[in-house]
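Below is one structure; the comments refer to it alone.
Both counts, for ligands and for their atoms, begin at 1 and track the order of listing.
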Amino acid sequence: MAYQIDPQKCETCGACVEACPNDAIKIKGLTAVIDANLCIDCGSCETTCNSGAISAS
Ligand code: SF4
C-alpha cells in the first residue's frame, strides 16, 4: 500500500513535500507525486494537505 495524490485536486503547494519524513514526494509539473517505493504509509502528507488531494490507496 502507498498513499496517492489526486492530480485534479493537487494545488502544487509543496506542503506534503516538506511533511514527508522519507523524501517520497516530488513536484512533477502541476502536481505532486508520491514514489510508492519510498512511501512508508505514515500519513503525514494526508494530514498536511489542505486540498484533500492525498489518500491511502
Ligand atoms: Fe511520505 Fe508518509 Fe506521505 Fe508516504 S504517507 S508519502 S511516507 S508523508
At their closest point, which heavy atom of [X] faces which heavy atom of [Y], and how far apart are they?
| X | Y | result |
| --- | --- | --- |
| Ala32 | Cys10 | N-SG, 3.3 Å |
| Leu38 | Asp23 | CD1-O, 3.7 Å |
| Ser44 | Ala19 | CB-O, 3.8 Å |

Strictly under 2.8 Å of atom 2 (Fe) of ligand 1: which protein N/O/S atoms qualify?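 Atoms qualifying: Cys42 SG.
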Partners meeting salt bridge (Lys or Arg N to Asp or Glu O under 4.0 Å) with Lys9 (sequence neighbours left out):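 Partners of Lys9 under the salt bridge (Lys or Arg N to Asp or Glu O under 4.0 Å) test: none.
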Hydrophobic cluster membership, Tyr3 vs Ile27, 4.5 Å side-chain cutoff: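 Same cluster.
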As a quick check of understanding, evaluate side chain to side chain contact (heavy atoms under 4.5 Å, CB included) for Lys26 and Val33, giving each step before the final call. CA-CA 5 Å; Lys26 298 277 184 287; Val33 177; 5.6 Å; no
Which atoms from ligand 1 have a heavy atom of Ile25 less than 4.0 Å away?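 Going through ligand 1 atom by atom, the ones under 4.0 Å from Ile25 are 6 (S).
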Atom indices of ligand 1, in the order listed, that fall short of 4.0 Å to a heavy atom of Ile34: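 Those qualifying, in numeric order: 6 (S).
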Evaluate the side-chain proximity of Asp41 to Cys39: yes if any heavy-atom separation is below 4.5 Å, no if none is.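 Result yes, sub-4.5 Å side-chain heavy-atom pair found.
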